[in-house]
Structures are given as structure tokens and as C-alpha cells.
There are 2 protein chains.
Amino acid sequence: MSQTVDRALSILPLLARGPADLGQVADELGVHKSTALRLLRTLHEHGLVHRQQDQRYRLGARLFALAQEAVENLDVREIAHPYLAALNERIGHTVHLAVYEEGEVVYIDKVESRYPVRMYSRIGKPVAITVAAVAKLLLADLPEPERRAVAAKLDYPPYTPRSTPNAAAFLKELATVREQGWATDLGGHEESINCVGAPIRGADGRVVAAMSVSAPNVVVTAEELLTLLPQVRRTAEAISREYSGTAPTKDNG
Amino acid sequence: MSQTVDRALSILPLLARGPADLGQVADELGVHKSTALRLLRTLHEHGLVHRQQDQRYRLGARLFALAQEAVENLDVREIAHPYLAALNERIGHTVHLAVYEEGEVVYIDKVESRYPVRMYSRIGKPVAITVAAVAKLLLADLPEPERRAVAAKLDYPPYTPRSTPNAAAFLKELATVREQGWATDLGGHEESINCVGAPIRGADGRVVAAMSVSAPNVVVTAEELLTLLPQVRRTAEAISREYSGTAPTKDNG
DNA sequence: ATGAGCGTTGCACATCACGCAACGCCCACG
DNA sequence: CGTGGGCGTTGCGTGATGTGCAACGCTCAT
């Protein structure tokens, strides 16, 4: 809507592909060098863009700071974390929390066996949206038209023989997930990794986040992992209750 | 330099503090609601801002994607990683890689004992710049005036009794680090954690990154950790050689 | 029913971002 | 050592574009 801002923001994904000099930026934007310079300067002042010694521009550190703060302020995450940690304490495996946002599924928390480490390692990276248990849970709850639209637009990479092959299979899987209220990923992303997940719902019943437990084949078989499902679902429900305000937390009005 | 872009970008840190509605954004920017709306819309189209059900705005997922891609494209990181992994293989402890950028020090890679996990957990967060070994190494190499300026502007939080207390002590420590070519953090951030680090230099001798090895007291004493220093320095030097093009890597002109 | 508070829209004005052209600088080449 | 091309940079006049205003519609609480 705003031409200037639009152009400026278009520079970011451009630089995400790698450093570029003024001329390249101007060319790719289709504007005069002086215009590109002014935009880059503004981005630079805000720390979103950094200029290296060879004068080329690349994305700046402030970007990390923003991403960091953004994820810290997600209230689902804040509420869910102690539950995830407790579950992890009991069963030992890796626990994930993820949200859906405009076509993307991102992990917003992770608890590893030893101590809490947030899984920023995956944040922003295209999560295996066609196979991950959390992705299925989040997409299964979308309104029908959006669900179909998203499913149609996706790629279906054959990570393993058990990966979701196409949109039809995916939509069918989503229907199942929607019905049963939980999801799995049995070797669909990495041959030897299985996951079981459950949805976290807001007060209106809509799925606001999803959690999952992952473990490699060598530690527990898929069957054994499935025996943990009740615990996972109970945890997800407990989080849902607190998130929607029905739980006995602190005071409430 | 560009008013419109400047205003738009000012929204980001504002939203990083938490979700806000249109009125709040307009107020804090000091512009009319309609102006704020247009800016937010543009940010939204680029995925940097997300609108939640209650109509309030918060930072969007694309931000993570950008931060992710940005860190993946840092060439120091790419070159250093195999060396860090190899060192970690030998000594078992956590290995970090960090860079300095306009007043901030950020971790750009991390190798844990079991398998490589990048430490985005810290990326962008204010690293304990006054005590971390990597921070000392990076700041020690700054030109005198900038070093003094940065040191003067910093806060010196007393994480532990051994934390750097003030600018004078910090500058003195930096002088030592600069002279000896390596740095430590002995319980300056967390009482029980020690680190030793060494600088990675470019072709011109300037420090472009810093690496460190960290281990808790309970595993190895500070003295034992220091015996690893030669290995750390050798690794850093090897990375420096390859980075600056003096190493026998692939072909070279 | 009523009004307050919010986001949204269309519009007229002038601000502000635009492209141009000229400059200075650093290298690479003759 | 001179010369030219390529790069980032600057100042400026023009008009496209971002701006604030006022009016509208909506939801929610009273």
C-alpha cells in the first residue's frame, strides 16, 4: 500500500539470499541507485541491514533481536512452557510447540531431555509442513476453503517413502486428524523419527498451537511412543484450559 | 533518511514489546491512525507483522525466516563450522562462534556434545557482552576510540562476584586479551560455567569472529579447561587461515 | 435503544520521495 | 604516470505519493 515502505521491505528478502551491493539492489528493485541508497540507509539506521567492509549490504543483527523478542512475547508459549517441561521431565523425549501463521508453521518452543533449549534452530525454516504432526494438527483446524487452498499450494517432498505424497492424501490425513483430535508423524520426515502430537485450543475451541513428542526408533518403537499419547493429550488439554482461562490459575475475574 | 520507511520500521521494536492495537501504534508513532494503518498494512503484506484474532498486531513469522536465512549466509560461519565440529568431537564440550556488529555481540553457531545444534537460543539477545570470552575478543580488536565509546555506554550487570564491575576494569581486561591473543570467562556470567576463547582473523589481521569452549565446573575445573587453550587457539588459527585464503583448501588463484 | 470506541474509507493538500545529472573516489588498464 | 570506467555519493527541481482530516460502519457495553 505504501510504495516507499514496500520497496524498502522488498530489500530484506533480497539480502537474505546473500550480500549485495548498491547497484544490484537498485537493479532488482527497479529503482534509481540514489533511491536504493536512501532506503538502505534507513534500513541501516534501524539495524536491519548491515554494511560489511567491502561496502556490500547484508541483513543486520537487529533482525535477530526482533525475532527473539517476538517469540518471547507469545503468550501461548509462556503458558505452555512449564507443562512442556513437566511432560519432558516424565517421559524424557523431545517436546515441541508450534503455531501456524499465514501459510507457515513454526516451532516456538522445544524442550530437550537435559535442560530447556528453545528450538530456534528451526524457526522460520520451512518446517516439514506436509508431514510434521504439529503441522497436521494446525492445518486440520483451518476453515475448509483455506485448508484446501493451502494444501493445493504446498509442495510434497518425498523425504521418505512414508511422506505424504500429494494434496489429496494430505487432506484425507487432515480429516482423520481433525476427527480423532491427535496426530502422528511415523517416519514421514526422517526415516527413524516418530512423533505424536495434540492440539492446544483457545476459549472458542479453535486450535491456537500444537505440541508433539518426538523420539528416534532406536530409543522407543512407534508402538511404545503411541502409548504416551494419553499423556500428551492430557498435557495439551491442561494447557488449553489455562490458556482459555478455565483453569485454576492465580486469580481470575 | 526516508520518513515513511523510518516510521514503518519504528513499528517493529514497538511491537516487539508485545501486541498493540492500531490506536496505540499511531500514538506511539505520533501519526494519524490512517497513516499507521497504511504502514501496518504494508508491513503485513511483507509478513513482518501479523494480525491476531483480536485485531491487534504483533511481529510476524517472516521475521524468523529472515533471521534464519541471514545467519545461514554468513560465510565465516560456513567456513568455521567443520572446525568447530571437529574440535567438539575431540574435547566434548560446547563450542561457540560469535561476531560483533555495531554494538552487539551475537552467537552465530554452536556445537553441542551430542550433535550439531545451532544456538539461535541466544541470537539477538544481549549476550553478556561485558563478561563473555567471545565478547572480550571481539571488542578488544576494535579501534581504540570505538572500544572506549562502547565500553562507556555499556551496563555492567553483576551476574556474579566475578563479573566485570565497570568500564575501567573492562578496558583493562580488553587490553590484556588483546595482548595475549585469547580470553577467558571464569564464572563471570554463571557462577559454575567457565569458557576459554580465541579470535578468528581475516586476511588483514582484523578479528572477524571469535570462538570459545564452555564447560561447567562440575565436569572440568577452570585449570583443566585452560589446558585446552592450545587446541582452541590452533583451531581458531586454522579457521583464520582458511577464511583469509592462506590455507590449502580446494583450489586457489 | 444509545453511545462510545474502534478500525476503515475517500479526499484535497503539500510534503516528501523520486530520478536526474554531476561529482569524487578507487582501481585497472594502457 | 596518465586515463577511463565503475562505484557510491550529493543536491536539486518536479510531481507522485504519503499525509491528516472528517465521516462512516461496526461491535460491544450500558
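Naming: A, B, ... by sequence-line order, numbering from 1 per chain. Quick note: numbers below take in every heavy atom, side chains included, and nothing from hydrogens, waters or symmetry partners.
- Remark: A/Arg148 engages A/Glu144 in a salt bridge, criterion side-chain N to carboxylate O under 4.0 Å.
- Around CG of B/Asp54, the count of heavy atoms belonging to other residues, nucleotides or ligands within 6.0 Å exceeds 12.
- Counting heavy-atom neighbours within 6.0 Å of A/Glu179 CD, excluding the residue itself, gives a total of 12 or less.
- Note that the two end axes of the helix from C/dA1-D/dT30 to C/dG30-D/dC1 enclose an angle of 30°, each drawn from 5 base pairs, rounded to 10 degrees.
- Looking at B/Asp141 and B/Pro199, their side chains never come closer than 4.5 Å, going by heavy atoms from C-beta outward.
- Between the side chain of B/Ser2 and the base of C/dC16, no donor-acceptor pair under 3.5 Å is found.
- Atom P of nucleotide C/dA17 and atom CG of A/Leu40 are separated by 15 Å, given to the nearest angstrom.
- In this structure a side-chain-to-backbone donor-acceptor pair under 3.5 Å is missing from A/Ser2 to B/Arg38.
- Distance, B/Lys33 NZ to C/dT9 P: 13 Å, rounded to whole Å.
- For B/Arg206, the CZ atom counts as densely surrounded, since its 6.0 Å shell holds more than 12 non-hydrogen atoms of other residues, nucleotides or ligands.
- Distance from the side chain of A/Gln3 is smallest for C/dC18 among the nucleotides C/dC18, C/dG7, C/dC16.
- Salt-bridge formation is not detected for the pair A/Arg234/A/Glu237: no Lys NZ or Arg NE/NH1/NH2 atom is positioned less than 4.0 Å from an Asp or Glu carboxylate oxygen.
- Of all nucleotides in DNA chain D having an atom under 4.0 Å from a heavy atom of chain B, the first and last in 5' to 3' order are D/dG18 to D/dA22.
- Nucleotide C/dC16 holds its P atom 16 Å from the CG atom of A/Leu39, rounded to whole Å.
- Counting to the nearest Å, the C1' atom of C/dG7 and the CG atom of B/Asp54 are 13 Å from each other.
- The aromatic rings of A/Tyr156 and A/Phe170 lie perpendicular to each other, with more than 60° between the two planes, well past the 30° mark.
- Taking atom NE2 of A/His32 as the reference point, atom P of C/dC18 lies 12 Å away to the nearest angstrom.
- For the pair A/Glu104 and B/Arg62, the salt-bridge criterion is met [side-chain N within less than 4.0 Å of a carboxylate O].
- The CG atom of B/Leu22 sits 13 Å away from the C1' atom of C/dT9 (whole-angstrom rounding).
- Residue order along DNA chain D, read from the 5' end via each residue's closest nucleotide, puts A/Asp21 first among A/Met1 and A/Asp21.
- Protein atom CZ of A/Arg38 is 13 Å distant from nucleotide atom P of C/dC16, rounded to whole Å.
- For C/dT9, the OP1/OP2 oxygens have a side-chain nitrogen or oxygen of B/Arg41 closer than 4.0 Å.
- The NE2 atom of B/His44 sits 15 Å away from the P atom of C/dG7 (whole-angstrom rounding).
- Using a 4.0 Å heavy-atom cutoff across all strands shown, B/Thr4 reaches sugar-phosphate atoms only and no base atom.
- Heavy atoms of A/Arg56 sit nowhere under 4.0 angstrom from any nucleic acid atom.
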